[in-house]
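Report on one structure; see the data block that follows.
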Amino acid sequence: MSSVDQAGLAACPECDELHVRRPLRRGERARCARCGTTLYRMQRRRPEQMLAIVTAALIAFVLANTFPILVLRSQGMINEATLLGSVATLWAEGQQVAAVMVFFTAWLFPLFDLLSMFLLLLAVETGWRPAFFAPLLRALQAMRPWGMIEVLMLGVVVSLIKLSNMADVVPGAALWAFMALTVLLAVILSYDLRALWRPGCRRAVAP
Ligand SMILES: [Zn+2]
C-alpha cells in the first residue's frame, strides 16, 4: 500500500490531484473533482460472489475447449472444429501469425486471467497471503487488455453465417459454452482489480 493510500488519500491516475477518501455505498464511484476520472468505486459484487462467477467461467472455458465449436457437413464429409484444432490448422496452412494471435488472445490470456482471478480471490477470501499475490495482480493488470475472446466470438458468428451458404453448419456444444464464457468474462473484466489490493494489503500488515 502506498503512503498516499495509508494517509487516507486517493491520487487521480490522470491528473495527480489528491482527494480525501470517503466511504462509498455499493455500486457508487468516486470521481476526480478536476478531470472527472474514476478514482475508486465500491464494487457491486463481493469477492465471494466473484469467486463463484470465476469458477463458473473456468468450467465454461473447459467445456468450450473440449467440444467442437462448429460441425461442418459437406458432400458426405463431416468436419469438426475446436479452438485449439483451428489454431493447429492455421499454423499448418502457413498462417503462423494468425495462429499465434488466436492462441494468445482467445486461449492463453483468457485462461491466465481466469486462473489468476481464481487464485487472487481465493487468497482474499481465506486470508492466505502468498508471495506471488502482488506480482500476479500486477501481471494480470498488464495482460487484461490482450484477452479478446469476444472478438473471436464475433468472428465465429460471421463465419457461421458465411459458411451456411456453402455447407450444412451445425453450431457445436462449445459455441454455447463460448457464449456463456463471453458474458461471464464481461462481468469479470468489469471488476475493478484495485479492490483486491486493499483487503490483501490490510491482511499483510495485520499482526
Ligand atoms: Zn483528475
Side-chain angles (χ1 to χ4, degrees), residues 1 13 27 29 37-69 81-88 90-91 97-157 172-201 203-204:
M1 192 183 278
R29 66 175 67 196
T37 303
T38 299
L39 298 172
Y40 55 95
R41 57 185 164 196
M42 184 56 96
Q43 297 294 335
R44 221 176 277 278
R45 290 176 188 83
R46 292 192 300 275
E48 67 266 29
Q49 291 173 314
M50 284 309 295
L51 196 56
I53 292 170
V54 171
T55 308
L58 275 168
I59 294 169
F61 187 92
V62 172
L63 294 176
N65 282 285
T66 308
F67 298 101
I69 303 173
T82 59
L83 176 62
L84 288 182
S86 312
V87 169
L90 277 173
W91 185 276
V97 177
V100 169
M101 290 292 283
V102 173
F103 177 73
F104 277 90
T105 58
W107 196 85
L108 193 65
F109 289 147
L111 179 62
F112 174 79
D113 199 303
L114 292 178
L115 289 176
S116 311
M117 280 297 278
F118 185 81
L119 279 175
L120 294 168
L121 287 163
L122 197 68
V124 167
E125 272 305 288
T126 57
W128 170 47
R129 179 72 179 173
F132 59 78
F133 190 95
L136 186 61
L137 192 43
R138 281 199 194 93
L140 179 59
Q141 248 160 340
M143 280 204 191
R144 271 238 151 132
W146 294 99
M148 295 179 196
I149 231 166
E150 64 282 4
V151 178
L152 176 90
M153 270 314 300
L154 199 65
V156 170
V157 172
L175 189 68
W176 309 115
F178 262 115
M179 283 183 178
L181 184 59
T182 308
V183 174
L184 290 168
L185 268 173
V187 176
I188 293 166
L189 295 182
S190 72
Y191 188 77
D192 190 350
L193 291 176
R194 281 173 291 189
L196 292 177
W197 281 117
R198 307 205 129 250
C201 293
R203 284 197 175 98

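Only heavy atoms go into these numbers, but all of them, side chains included; no hydrogens, no water, no symmetry mates. Here the structure is a predicted model, which means the values were calculated and not measured.
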State the CD1-CG distance between I188 and L193, to the nearest 0.5 angstrom. 11.0 Å

Close side-chain approach of M143 and D113, heavy atoms under 4.5 Å: no

So for atom CE, which belongs to M153, do other residues, nucleotides or ligands contribute more than 12 heavy atoms lying within a distance under 6.0 Å? yes

Side-chain contact test, heavy atoms from C-beta onward, threshold under 4.5 Å: evaluate it for F133 versus V124 and give yes or no. yes

Find the distance between CG (L83) and CD1 (I149) and round it off to the nearest 0.5 Å. 7.5 Å

Check whether any side-chain heavy atom of L152 lies under 4.5 Å from a side-chain heavy atom of M148, and answer yes or no. no

Heavy-atom side-chain contact between V100 and W91 under 4.5 Å: yes

Gap between atom CG of L58 and atom CG of L181 - 0.5 Å precision: 9.0 Å

Considering all heavy atoms, the nearest R194-T38 contact: NH1-O, 4.0 Å

Beyond-backbone contact of L114 with L184, side-chain heavy atoms, under 4.5 angstrom: no

Within the 4.5 Å heavy-atom criterion, are D192 and Y40 side-chain neighbours or not? no

For residues T82 and P68, report the shortest heavy-atom separation together with the two atoms involved. CG2-CA, 3.9 Å

May I ask you to test the V151-T105 pair for a side-chain heavy-atom distance under 4.5 Å? no

Rounded at 0.5 Å granularity, tell me how far CG in N65 sits from CH2 in W107. 7.0 Å

Shortest non-hydrogen contact between W146 and A142, atoms and distance: CD1-O, 4.0 Å

Non-hydrogen atoms of L140 and M117 that approach each other most closely: CD2-SD, 3.8 Å

CD-CG distance between E125 and L120, expressed to the nearest 0.5 angstrom: 12.5 Å

Scanning both residues in full, the closest heavy-atom pair of A99 with L90 reads CB-CB, 3.8 Å

Report the C-alpha distance between W128 and L119 in whole Å, list the side-chain angles of each, state the deciding distance to 0.1 Å, and finish with yes or no for side-chain contact (heavy atoms from CB on, under 4.5 Å). CA-CA 10 Å; W128 170 47; L119 279 175; 4.2 Å; yes

Quick one, S116 and F132 - any side-chain contact, counting heavy atoms below 4.5 Å? no

Do you know which two heavy atoms are closest between L122 and T126, and how far apart they sit? O-OG1, 2.7 Å

